[in-house]
Protein chains: 2
Amino acid sequence: MELRQLVYFEAVVRHGSFTRAAADLHIAQPAVSAQIRLLETELGVTLLTRTTRRIALTAAGELLLARAKRILGELDGVRDDVAQVGAVLRGRLAVGATEVLGTVDLGGALATFHRRHPGIALSLRTGLVAELLGGLDRGEVDLVLGPVHADLADRYTVRMLAAEDVVLVTPLGHPAGGLRDEPFVCLPPGSGLRAILHEAATAAGFEPAVPFEASGPGEIRALVSAGLGVAVMAGSTARSPGPPVRVVPLDQAPEHPGIGLLSRRGRRLSPAAAAFRQHVIHQMRPNVPSR
Amino acid sequence: MELRQLVYFEAVVRHGSFTRAAADLHIAQPAVSAQIRLLETELGVTLLTRTTRRIALTAAGELLLARAKRILGELDGVRDDVAQVGAVLRGRLAVGATEVLGTVDLGGALATFHRRHPGIALSLRTGLVAELLGGLDRGEVDLVLGPVHADLADRYTVRMLAAEDVVLVTPLGHPAGGLRDEPFVCLPPGSGLRAILHEAATAAGFEPAVPFEASGPGEIRALVSAGLGVAVMAGSTARSPGPPVRVVPLDQAPEHPGIGLLSRRGRRLSPAAAAFRQHVIHQMRPNVPSR
DNA sequence: GTCTATTACGTCGCCCGTAATGATC
DNA sequence: GATCATTACGGGCGACGTAATAGAC
């Protein structure tokens, strides 16, 4: 059974004539006759009685006609739907992400997303969350993945993905003791981590000295590992592979902002960005029912 | 878009491999690759991402897969359903009918039924209703069309189709007057018409003389037209084309049995007979909605 | 090195078109 | 005689198979 046969059959019934159907289909009449004949032979029934002047549906023909219409209709629907999804599959997507993402597997997300949407050109930009939010404002990135600080401006919308904790990291073999006089490594003033450090130190009753300024979490860890000082940082980064450091849990750990998906409020996400947002959220769910 | 492409695509996804799908389909792998490629080209989207070791559905592929399964499932259903109807289309059907059928167009019914069920071999047997009922008892006919008399044995089931009236027919130019001394033409004793004649005459206070016995309604009319006598008969027969007679309505016309479809109670109708029964009943309805 | 998908290429099938025949009004 | 469907026959497109190539583990 071929689609062509169903199309021809429907046309013959609709026009009530092999000749008119053939004209409508832009083919010769014998082709129509042959296909109808083949269909009848395969199904083993007569579909319509020909009287050279008029055709009439048999009971089997009536049944087939109804089913054929359904099938052909669904086929048209498939073409439309796939084309619509295809439009989403096109386009560009720029994602901004900080280094510290905790349990969020950005690499895996990008890989599976690219498999599911190979037509979308992906670009990734990393940096501190403040810089990335600036890129969001300027329309340079569609979505930002990073820590969501408490003082986040309300022109952004947030979807939380994972929690994060704060730990103290020191060089290996560094004696545990008072932190008051330790040199600290931290991000530049104005960064979220710097605020966390000050908050924690103030709670402990001292002003931290920050002689070393790093430009990213990875750098902080490298500097600490080299013995230049100590630092507070996200637990996930401290525990991930990298330069060796001693990780010390904090008794009264300040709140570290969780990792979230940020977008510009009021600016509608592109279809590609919306698809990626859903994809990341879906990936965070522990049980992923594939179908 | 071809059915073959949908089948191949579904097989590839189900097996998770071009090679296994090809083996299952009993074709070579390149044929599968080519068809999937054609499908993707026509739809303008990538359906699955190949990594030579594993295939993954894209979003468009997932959508198409769901639709394809529906369509292929419906196609299987069509084959089954048509085959089932095809079984009904086969077989033999023997119909018995009396001459007098009133507004029931048996010829038309047989013609349209044959157009709708060309695979059913039709046979028609005519005669008096008593004979036909005998044929029904002996299994020689599946259905009987004819007048349904009041004394019908309850081993038959009845579906009424049309009413019938009784008229008096006389030769042309015959003077209207008392019927007491007229010679009557009628069917043999025991027939339904004979009973009707006696009932009417008794009501009028006389015993009818029946010197002429005919073997069918048409014969009655011919004998009356020839001037041999008068008769009571079904109005439809009297008014239909044939030998000229004078039709006289009766003041106190006895009830003439209506025309009905008779079958043997307890004996299940063959599929062909059931279809014909429905067909005749449907044809009797004034408005015939074709779809 | 093995397994898998793609590309290359030749062959066969079948769908279509033209022409002739048959049937019905 | 006109119209319509069917048969007869030839050509061309396309799907399949075999073989070779490229890529992933």
Side-chain angles (χ1 to χ4, degrees), chain A residues 1-43 45-58 60-61 65 68 72 107-108 111-112 114-116 118, chain B residues 1-43 45-58 60-61 65 68 72 107-108 111-112 114-116 118:
Chain A
M1 185 152 31
E2 294 296 324
L3 280 181
R4 181 178 26 262
Q5 297 166 351
L6 297 184
V7 172
Y8 290 9
F9 175 63
E10 192 276 336
V12 167
V13 175
R14 180 158 41 86
H15 289 96
S17 152
F18 280 61
T19 302
R20 282 196 294 276
D24 184 32
L25 296 166
H26 300 102
I27 57 174
Q29 297 94 332
V32 180
S33 292
Q35 291 303 315
I36 301 293
R37 172 64 52 101
L38 281 176
L39 189 57
E40 289 182 325
T41 301
E42 179 182 348
L43 294 176
V45 297
T46 310
L47 294 173
L48 27 85
T49 53
R50 297 86 150 162
T51 62
T52 59
R53 210 64 182 182
R54 187 149 216 86
I55 64 166
L57 276 175
T58 67
L65 177 66
L72 296 178
T112 58
H114 180 60
R115 275 207 287 274
R116 282 184 56 83
Chain B
M1 186 151 31
E2 293 295 323
L3 279 181
R4 183 181 322 100
Q5 298 167 351
L6 296 184
V7 172
Y8 289 8
F9 174 65
E10 192 276 335
V12 167
V13 174
R14 179 159 40 87
H15 288 96
S17 151
F18 280 61
T19 302
R20 283 196 293 275
D24 184 32
L25 296 167
H26 301 101
I27 58 176
Q29 298 93 331
V32 180
S33 291
Q35 291 303 315
I36 301 293
R37 172 65 52 102
L38 280 176
L39 189 56
E40 289 182 325
T41 302
E42 179 182 347
L43 294 176
V45 297
T46 309
L47 294 172
L48 25 86
T49 54
R50 296 87 149 162
T51 63
T52 60
R53 211 65 185 179
R54 186 150 215 84
I55 66 168
L57 276 176
T58 67
L65 177 66
L72 296 178
T112 56
H114 180 61
R115 274 206 288 272
R116 284 182 55 83

Check whether B:E42 reaches the backbone of B:M1 with its side chain - one donor and one acceptor, N or O, closer than 3.5 Å.
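Yes, B:E42 side chain to B:M1 backbone: donor-acceptor pair under 3.5 Å.
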
Checking A:Q29 side chain against A:A22 main chain: does a donor-acceptor pair fall under 3.5 Å?
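No, because the side chain of A:Q29 does not come within donor-acceptor range (under 3.5 Å) of the backbone of A:A22.
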
Just compare D:dC4, C:dT4, C:dA5 and give me whichever is closest to any side-chain atom of B:R20.
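Minimum distance to the B:R20 side chain belongs to C:dT4.
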
Divergence of helical axes at both termini of the helix from C:dG1-D:dC25 to C:dC25-D:dG1 - five pairs an end, 10° steps
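The angle, to the nearest 10 degrees, is 30°.
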
With the side chain counted from C-beta on, respond yes when A:L57 and A:V13 share a heavy-atom pair under 4.5 Å apart, and no when they do not.
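Contact flag for A:L57/A:V13 side chains = yes.
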
Is any side-chain heavy atom of A:I36 less than 4.5 Å from a side-chain heavy atom of A:R50?
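Result yes, sub-4.5 Å side-chain heavy-atom pair found.
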
Mind running side-chain contact (heavy atoms from CB on, under 4.5 Å) on B:T58 and A:R115 for me, showing each step along the way?
CA-CA 6 Å; B:T58 67; A:R115 275 207 287 274; over 6 Å; no

With a 4.0 Å limit, can you tell me whether [X] has a side-chain N or O closer than that to the phosphate oxygens OP1/OP2 of [N]?
X: A:T19; N: D:dT3; result: no
X: A:S17; N: D:dC4; result: no
X: B:R37; N: C:dT7; result: yes
X: B:S33; N: C:dT6; result: yes
X: B:R50; N: C:dT6; result: yes

In whole angstrom, give the distance that lies between atom [atom1] of [X] and atom [atom2] of [N].
X: A:L25; N: C:dC16; atom1: CG; atom2: C1'; value: 13 Å
X: B:H15; N: C:dT4; atom1: NE2; atom2: C1'; value: 16 Å
X: A:L6; N: C:dC15; atom1: CG; atom2: P; value: 13 Å
X: A:I36; N: D:dT7; atom1: CD1; atom2: P; value: 14 Å
X: A:R54; N: D:dC4; atom1: CZ; atom2: P; value: 12 Å

Minimal non-hydrogen separation, B:T46 against B:A60, with atom names:
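Heavy-atom minimum between the residues: O-CB, 4.1 Å.
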
Can you give each donor-acceptor pair under 3.5 Å made by side-chain atoms of residues 4-12 of chain B, sequence neighbours left out, with the distance rounded to 0.1 Å?
| from | atom 1 | to | atom 2 | distance (Å) |
| --- | --- | --- | --- | --- |
| B:Q5 | OE1 | B:E2 | N | 3.1 |
| B:Q5 | NE2 | B:Q35 | OE1 | 3.4 |
| B:E10 | OE1 | B:R14 | NE | 3.4 |
| B:E10 | OE1 | B:R14 | NH2 | 3.2 |
| B:E10 | OE2 | B:R14 | NE | 3.1 |

Protein-nucleotides 12-19 of chain D N/O pairs closer than 3.5 Å?
| from | atom 1 | to | atom 2 | distance (Å) |
| --- | --- | --- | --- | --- |
| D:dA15 | O5' | B:Q35 | NE2 | 3.2 |
| D:dC16 | OP1 | B:R4 | NE | 3.4 |
| D:dC16 | OP1 | B:Y8 | OH | 2.5 |
| D:dC16 | OP2 | B:Q35 | NE2 | 3.4 |
| D:dG17 | OP2 | B:A28 | N | 2.4 |

Are B:L39 and B:L47 close enough, and set up right, to give a side-chain contact (heavy atoms from CB on, under 4.5 Å), and what steps lead you there?
CA-CA 9 Å; B:L39 189 56; B:L47 294 172; 3.7 Å; yes

Point-to-point distance, once rounded to the nearest 0.5 Å, from OG1 of B:T19 to CG of B:D24:
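Going from the OG1 atom of B:T19 to the CG atom of B:D24 covers 12.5 Å.
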
